[in-house]
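Down below is the structure, laid out as structure tokens.
Being a predicted model, the structure only gives us computed values, none of them experimental. Position 1 is the first residue of the sequence; numbering continues from there.
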Amino acid sequence: MISQKNNKVYRRVDKELLCIEPWGRNSFRVRATQRHEFTNEDLSALLEQEPCEIKVYERGTDTVIENGNIICEITRTGKLRFLNREGKLLLEEYERIRGMHEEGRKEFNSALELYPREFQPHACMDNYKLTVRFEPAEGEKIYGMGQYQQPYLDLKGCTLELAHRNSQASVPFALSSNGYGILWNNPAIGSVTFGKNLTVWTANSTKQMDYWITAGETPAEIEEAYANATGKVPMMPEYGMGFWQCKLRYQTQEEILKVAREYHHRGIPLDVIVVDFFHWPHQGDWKFDIDYWPDPAGMVRELKSMGIELMVSVWPTVEEESENYREMTELGYLTRSECGRRIGQLGNASVIDVTNPEGRTYVWNKIRENYYEKGIRIFWLDEAEPELSGYEYRHYRFLRGADMEVGNIYPREYARMVYEGMTAEGQENIVNLLRCAWAGSQRYGALVWSGDIDSSFRSLRNQLAAGLNMGLAGLPWWTTDIGGFHGGNIYDEKFHEVFVRWFEFGAFCPVMRLHGFREPFQKPLGTTGGGKHNSGADNEIWSFGEEVYEICRKYIELRERMRPYIRALMQEAHEKGTPVMRPLFYDFPEDPKTWEIEDEYMFGPDLLIAPILYEKQRERKVYLPSGTWRNICDQKEYQGGGIITAAAPLGELPVFARAGTLLEVKLM
């Protein structure tokens, strides 16, 4: 039976309740359940939208729902088909059952008995394993979905785990070359396969199906609709647009001040410097160990006098020895294990339950007292997955539900914890660094980095795909550890080459941030508190020899000259959700060649970047879309619409500006 109520269309057949409703212009939200009702909204990534008028009518045996440029057809068997206003089929569910022949439409008559939406109940529970199937489209390409450590920009043919890990962020929004975008609005652990024969989405434990779909004539139109539905980043503060210095790890207050003073003395612009992990007495104290950081407020004041902001690492882990562990346990603010002790979730620590609003307030108050009131206005929210032991998703439980059902919202609620606390203090233009994200994290000021990756050209190639797909998944603020995190010896000439090419790439990422656990390692300073952990080798731009230093300095200065341009890109990201770095097809969707290019990208609308991704590569082929382009290294002009060969000596990245824009940007 199909009915319409309050601008929603319902279909009730036997066990299944299906609901289709407009959710923004040219968009639908689609839910289904075999329970008696739908769940509440606290797991959803979607924001409330202004009401849209829909048109509902019968066409043959179908029920048709129109919302602007998108149309949904509900067939007599309950299968859904989505079309645009011109009647082009965008996406349809996969169904193989008997008796499907209808006059005027080619349908399958199959003995397979496969239905589009499959709910497999877990015994004696109110949850199901959910499988949703869609038909493939000939020649379709799929982008977005967050950050995965693989080199493929086009995800067609890939299987992706819908779960977070260190260096993996599942943000389940897919942008299709077929003219639609779809958000899997479900934070359960699961998977998706964008197969040649069908697309299959799976949630391992859930109460309902929930997805959002939009139609658009261009990738930008689809992306902006998605940003309206899930939220946009704040305006990036000025200190987010320049160069950030970090390493694992500065061990003392004097060490970090010495580095900052050296940058200042050399006249090298530095916006942010970072105090990394284990500057605290114990995990879960959320304060400086005064044996090594005796005057945090004074440190912040001196850094600010040099125009440098201090970012401080915050972890969600709480050791049993922490001064807060007992109270947090009694109040129920820590995650639980399904069996056994909670200690050991991450080393000898438990993890805060950020799905608990009272728990979020408790931890923020500690951060406010020990960091914020000392002048710190930017935080590094590490371990945001969180990195539970072995990623044993079946073993953990939050206030809001089992990890298997709700786990993917953790990084979003972690970002929300600090964002809402800072907002309550009156701060605007908030940015905090996180190692993970889910749909909607962007509205809480999340700048995501690509995790603890290795120092290699292979890893660098993965970061290009990760950054571009993260932007298309709705997270326009993205960064990477320049040089990689693991495995870079500062005296190794081969690493110097990787480092330089990564530094060139980093200058054209949304945030330019140097980090890494460099070799040879430095010994711990003590045996207790913040002194008992080792550190990596020096990781400042003068740490790798004079040639590398001069190249790094050149790109930092170039980044400074681009600041007005970057500011405009950040404004567009804030207002429209536009990715700062994006594939060529985003700006040139009518050019079929741009949909094939996976090793170039646009940094805003006017700069085309051709990164060097292979060892000893000193030139490369570059495809230039139509128009006139100027190489900012040698100032030569080229007519687009074809492939050129660009020189790329070490220290020169092929970058092309559209004629008439940014021609004052020139490498010195």
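- Applying the ring pair (Phe, Tyr, Trp, His ring centres under 6.0 Å) test between His279 and each of Trp286, Tyr371, Tyr250 identifies Tyr371 as the sole match.
- Annotation: cation-pi pair Arg377/Tyr372 present, NZ/CZ under 6.0 Å from the ring centroid and within 45° of its normal.
- Atom OH of Tyr239 and atom CG of Leu310 lie 11.0 Å apart (nearest 0.5 Å).
- Glu413 has no carboxylate O lying under 4.0 Å from a charged side-chain N of Arg400, or vice versa, which leaves the two without a salt bridge.
- Look at Arg461 and Asp599 and you find no salt bridge, because none of the NZ, NE, NH1 or NH2 atoms lies under 4.0 Å from a carboxylate O.
- A salt bridge does not link Lys232 to Glu575: none of the charged nitrogens lies less than 4.0 Å from a carboxylate oxygen.
- Ring pair Tyr263/Phe243 is tilted by interplanar angle, where 30° to 60° counts as tilted.
- No donor-acceptor pair closer than 3.5 Å links the side chain of Ser441 to the backbone N or O of Ala446.
- Formation of a donor-acceptor pair under 3.5 Å by the Asp353 side chain with backbone atoms of Thr335 is not found in this model.
- Between Gln147 and Ser167, the side chains place no donor N or O within less than 3.5 Å of an acceptor N or O (distance only, hydrogens not considered).
- In this model, a donor atom of one side chain and an acceptor atom of the other lie less than 3.5 Å apart for Tyr549 and Arg553.
- Summarising the geometry of Asp587 relative to Arg658, their closest heavy-atom pair is CB-NH2, 4.1 Å, with the distance given to 0.1 Å.
- The closest side-chain donor-acceptor pair between Gln463 and Ser450 falls under 3.5 angstrom.
- Between Lys554 and Glu557 there is no salt bridge, since no side-chain nitrogen of the basic residue lies less than 4.0 Å from a carboxylate oxygen of the acidic one.
- Classified by interplanar angle (parallel below 30°, tilted 30° to 60°, perpendicular above 60°), the ring pair Tyr601/Phe505 is perpendicular.
- With hydrogens and angles ignored, the 3.5 Å screen pairs a side-chain donor or acceptor of Asp154 with a backbone N or O of Ile142.
- Residues Gly407 and Phe398 come closest through the heavy atom pair CA-CE1, 4.1 Å.
- Counting only distance, with no hydrogens or angles, the side chain of Glu519 and the backbone of Gly488 share no donor-acceptor pair below 3.5 Å.
- Note that CZ of Arg518 is 5.0 Å distant from OG of Ser455, once rounded to the nearest 0.5 Å.
- For the pair Arg29 and Trp23, the cation sits on the ring face: its NZ or CZ lies under 6.0 Å from the ring centre, inside 45° of the axis.
- The CG atom of Leu607 sits 7.0 Å away from atom OG1 of Thr661, with the distance rounded to the nearest 0.5 Å.
- For the pair Ser459 (side chain) and Phe457 (backbone), a donor-acceptor distance under 3.5 Å is absent.
- Salt bridge present: Glu387 and Arg435 bring a charged side-chain N and a carboxylate O closer than 4.0 Å.
- Listed by chain and number, the residues in a ring-ring contact (aromatic ring centres under 6.0 Å, His included) with Trp449 are Trp380 (sequence neighbours excluded).
- One distance of note links CG of Leu464 with CD of Glu598; it measures 9.0 Å at 0.5 Å rounding.
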With side chain to side chain contact (heavy atoms under 4.5 Å, CB included) as the criterion, how do Leu558 and Phe508 come out once you've worked through the C-alpha distance, each side chain's angles and the decisive distance to 0.1 Å?
CA-CA 10 Å; Leu558 172 61; Phe508 297 94; 3.6 Å; yes

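- Ring centroids of Phe544 and Phe499 are separated by less than 6.0 Å, placing the two rings close together.
- Contact detail for Thr214 and Ala225: the closest heavy-atom pair is OG1-CB, 3.6 Å.
- Remark: of the listed residues Trp201, Trp212, Phe194, Tyr211, Trp201 is the sole one forming a ring pair (Phe, Tyr, Trp, His ring centres under 6.0 Å) with Trp184.
- No hydrogens or angles considered: nothing links the side chains of Tyr152 and Asn462 as a donor-acceptor pair under 3.5 Å.
- In terms of modelled atom types and a separation under 3.5 Å, the side chain of Thr479 and the main chain of Val511 share a donor-acceptor contact.
- The pair Asp481-Lys247 fails the salt-bridge criterion, with no side-chain N (NZ, NE, NH1 or NH2) lying under 4.0 Å from an Asp/Glu carboxylate O.
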Could you walk me through whether Leu608 and Trp629 satisfy the side chain to side chain contact (heavy atoms under 4.5 Å, CB included) test, starting with their C-alpha distance in whole Å, then the side-chain angles of each, then the deciding distance to 0.1 Å, before giving a yes or no?
CA-CA 9 Å; Leu608 185 151; Trp629 299 86; 3.9 Å; yes

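- Of the possible donor and acceptor atoms, none in the side chain of Trp477 sits under 3.5 Å from a partner among the backbone N and O of Val431.
- Considering only heavy atoms from C-beta on, Tyr148 stays 4.5 Å or farther from Asn469 through its side chain.
- With hydrogens and angles ignored, the 3.5 Å screen pairs no side-chain donor or acceptor of Gln442 with any backbone N or O of Gly577.
- Around the CZ atom of Arg567, the shell of radius 6.0 Å holds more than 12 heavy atoms that belong to other residues, nucleotides or ligands.
- A salt bridge links Glu560 with Arg563; the closest basic N to acidic carboxylate O contact falls under 4.0 Å.
- With 3.5 Å as the limit, one finds no donor-acceptor pair spanning the side chains of Asn186 and Asp210.
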Let's go through Asp403 and Tyr391 carefully: what are the C-alpha distance in whole Å and the side-chain angles of both, what is the deciding distance for side-chain hydrogen bond (donor to acceptor under 3.5 Å, both in side chains) to 0.1 Å, and is it a yes or a no?
CA-CA 10 Å; Asp403 195 0; Tyr391 298 106; over 6 Å; no

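- No donor-acceptor distance shorter than 3.5 angstrom exists from the side chain of Arg501 to the backbone of Val498, with no hydrogens or angles considered.
- Using modelled atom types, one finds a donor on one side chain and an acceptor on the other under 3.5 Å when comparing Ser44 with Asn185.
- In plain terms, the two heavy atoms of Met145 and Leu162 that are nearest each other are CE-CD2, 3.8 Å.
- Annotation: the span from Glu385 atom CD to His164 atom NE2 amounts to 8.5 Å, rounded to 0.5 Å.
- From Leu433, atom CG reaches atom SG of Cys246 across 8.5 Å, with rounding to the nearest 0.5 Å.
- For Gln168 and Glu161, the side-chain atoms include at least one donor-acceptor pair closer than 3.5 Å.
- No side-chain N or O of Gln427 forms a donor-acceptor pair with one of Tyr419 less than 3.5 Å apart.
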